[in-house]
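Report on the structure given below.
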Amino acid sequence: MTVAYAICAVSDIPNRRGRGFELVRVVDGAEKPWPIFVVRWDKQVFAYVNRCPHNNVNLDWETNQFFEPGTRNIVCGKHGSLFELSSGKCIDGPCLGKDLEPVPVCVLDGDICVVGVELAELPDNDESEPARGAPASP
C-alpha cells in the first residue's frame with residue numbers, strides 16, 4: 001500500500017504560483033532534509049526538489065518565487081537557468097542537459113499529497129484533522 005502524506009490544501013497555493021516546503025525524508029532509516037516546491041497551474045500540480053542541478057542551491061532566492069516573469073518557466077534565482085514546468089527539463093542556462101528532480105504528488109480530497117517516499121511525520125495534535133505532513137487516507 002502506498003502512503004500519501006498531505007502537505008497542504010490545493011487552495012493554499014494560488015493558481016500559477018509555487019510554494020516551497022521543508023520536509024524531512026527517511027532514507028535507509030536516517031532522517032534527511034528534503035526541500036521541495038509545489039506549483040499549481042490551473043488544474044495541474046507539479047512538484048520538484050528545490051535544488052538547482054547546476055550548483056545545488058535553492059531555486060527561489062526570494063521566498064516562493066519560482067517563475068521567470070511572464071512565462072511558465074521555472075527559473076533558478078541565482079544562475080538564471082530555465083526549466084520547463086511540466087518536465088523539469090533545463091532549456092537554457094548553465095544546467096543545460098540536466099533536469100530538476102521530480103517529486104511524486106497527487107491530489108486527494110483537496111489536499112496535495114507526496115507519495116512514493118517515506119517522510120518523517122509531524123506529531124498529530126488534533127485528532128479530528130491530520131497534521132500536515134501526516135499520512136492521508138487514500
Side-chain angles (χ1 to χ4, degrees):
M1 180 172 112
T2 300
V3 176
Y5 296 90
I7 59 170
C8 73
V10 171
S11 60
D12 289 342
I13 302 175
N15 189 32
R16 299 185 178 199
R17 300 290 305 262
R19 180 173 166 196
F21 296 89
E22 296 294 328
L23 303 178
V24 177
R25 187 174 178 182
V26 179
V27 179
D28 296 328
E31 294 184 0
K32 300 184 185 233
W34 198 45
I36 72 166
F37 68 100
V38 178
V39 171
R40 181 167 75 104
W41 197 277
D42 298 330
K43 294 185 179 199
Q44 295 182 291
V45 176
F46 304 93
Y48 297 97
V49 173
N50 191 2
R51 291 282 179 231
C52 179
H54 169 245
N55 201 2
N56 203 32
V57 296
N58 281 2
L59 294 163
D60 60 330
W61 277 69
E62 290 188 38
T63 303
N64 296 326
Q65 299 300 313
F66 293 100
F67 290 102
E68 179 182 42
T71 75
R72 284 178 57 121
N73 295 324
I74 297 166
V75 64
C76 174
K78 183 170 184 182
H79 306 105
S81 291
L82 297 178
F83 304 87
E84 289 180 342
L85 173 60
S86 61
S87 69
K89 177 183 169 102
C90 182
I91 56 174
D92 192 26
C95 302
L96 212 50
K98 298 180 181 176
D99 301 337
L100 297 176
E101 182 182 338
V103 173
V105 292
C106 68
V107 176
L108 293 172
D109 296 327
D111 284 335
I112 297 172
C113 301
V114 173
V115 296
V117 298
E118 183 181 355
L119 298 181
E121 296 178 27
L122 298 174
D124 190 2
N125 296 327
D126 179 1
E127 295 299 323
S128 64
E129 177 153 342
R132 298 294 179 206
S137 301

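Starting from 1, each residue takes its place in the sequence as its number.
The side-chain heavy atoms of L85 and T71, taken from C-beta on, include no pair separated by under 4.5 Å. A 4.5 Å side-chain heavy-atom check between V3 and V115 finds every atom pair outside the cut-off. The closest side-chain heavy-atom distance from H54 to C76 is not below 4.5 Å. Using a 4.5 Å heavy-atom threshold, the side chains of C113 and V107 count as separate. The shortest side-chain heavy-atom distance between V38 and F21 falls under the 4.5 Å cut-off. Using a 4.5 Å heavy-atom threshold, the side chains of P102 and Y48 count as touching. Taking 4.5 Å as the limit, some side-chain heavy atom of S86 sits within range of a side-chain heavy atom of F46. With contacts defined as side-chain heavy-atom distances shorter than 4.5 Å, the pair H79/C52 qualifies.
Partner of W34 under the side chain to side chain contact (heavy atoms under 4.5 Å, CB included) criterion, out of V103, V27, V26, V24: V103 alone.
Closest heavy-atom contact between Q65 and D60: O-CB, 3.5 Å. Across every non-hydrogen atom of W61 and V57, the tightest pair is NE1-CG2, 4.1 Å. The shortest heavy-atom contact between K98 and F83 is O-CE2, 4.4 Å. L59 and N50 make their closest contact through N-OD1, 2.8 Å (heavy atoms, listed as atom of the first residue, atom of the second, distance). Minimum heavy-atom separation, P14 to R40: C-NH2, 3.5 Å. Between P94 and S81, the closest heavy-atom pair is CD-OG, 3.1 Å.
Cluster annotation: L82 and F66 are assigned to distinct hydrophobic clusters (Ile/Leu/Val/Met/Phe/Trp/Tyr, side-chain heavy-atom contacts under 4.5 Å, transitive). No single ILVMFWY cluster, assembled from side-chain heavy atoms under 4.5 Å apart, contains both V10 and V39. Cluster membership for F37 and V49, using ILVMFWY side-chain heavy atoms within less than 4.5 angstrom, is not shared.
Atoms CZ and CG, on R25 and L119 in that order, are 8.0 Å from each other to the nearest 0.5 Å. For the atom pair NZ (K32) and CG (L23), the distance works out to 15.5 Å, reported to the nearest 0.5 Å. Interatomic distance, CG of D28 versus CD of E118, reported as 10.5 Å (0.5 Å rounding). Atom CG of D111 sits about 7.5 Å away from atom SG of C8, to the nearest 0.5 Å.
A salt bridge between D42 and R16 is present, with a side-chain N of the basic residue lying under 4.0 Å from a carboxylate O of the acidic one.
For the 3.5 Å distance criterion, the side chains of N58 and R51 qualify, holding a donor opposite an acceptor.
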Go through I74 and L100 one step at a time and tell me if the side chain to side chain contact (heavy atoms under 4.5 Å, CB included) criterion holds.
CA-CA 10 Å; I74 297 166; L100 297 176; 4.1 Å; yes

Run the side chain to side chain contact (heavy atoms under 4.5 Å, CB included) test on N73 and I91 for me, step by step, so that the C-alpha distance in whole Å, both residues' side-chain angles and the decisive distance to 0.1 Å come before the verdict.
CA-CA 9 Å; N73 295 324; I91 56 174; 3.6 Å; yes

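Heavy-atom neighbours of E68 CD from other residues, nucleotides or ligands within 6.0 Å: above the threshold of 12.
Two rings, from W41 and F67, have their centers less than 6.0 Å apart.
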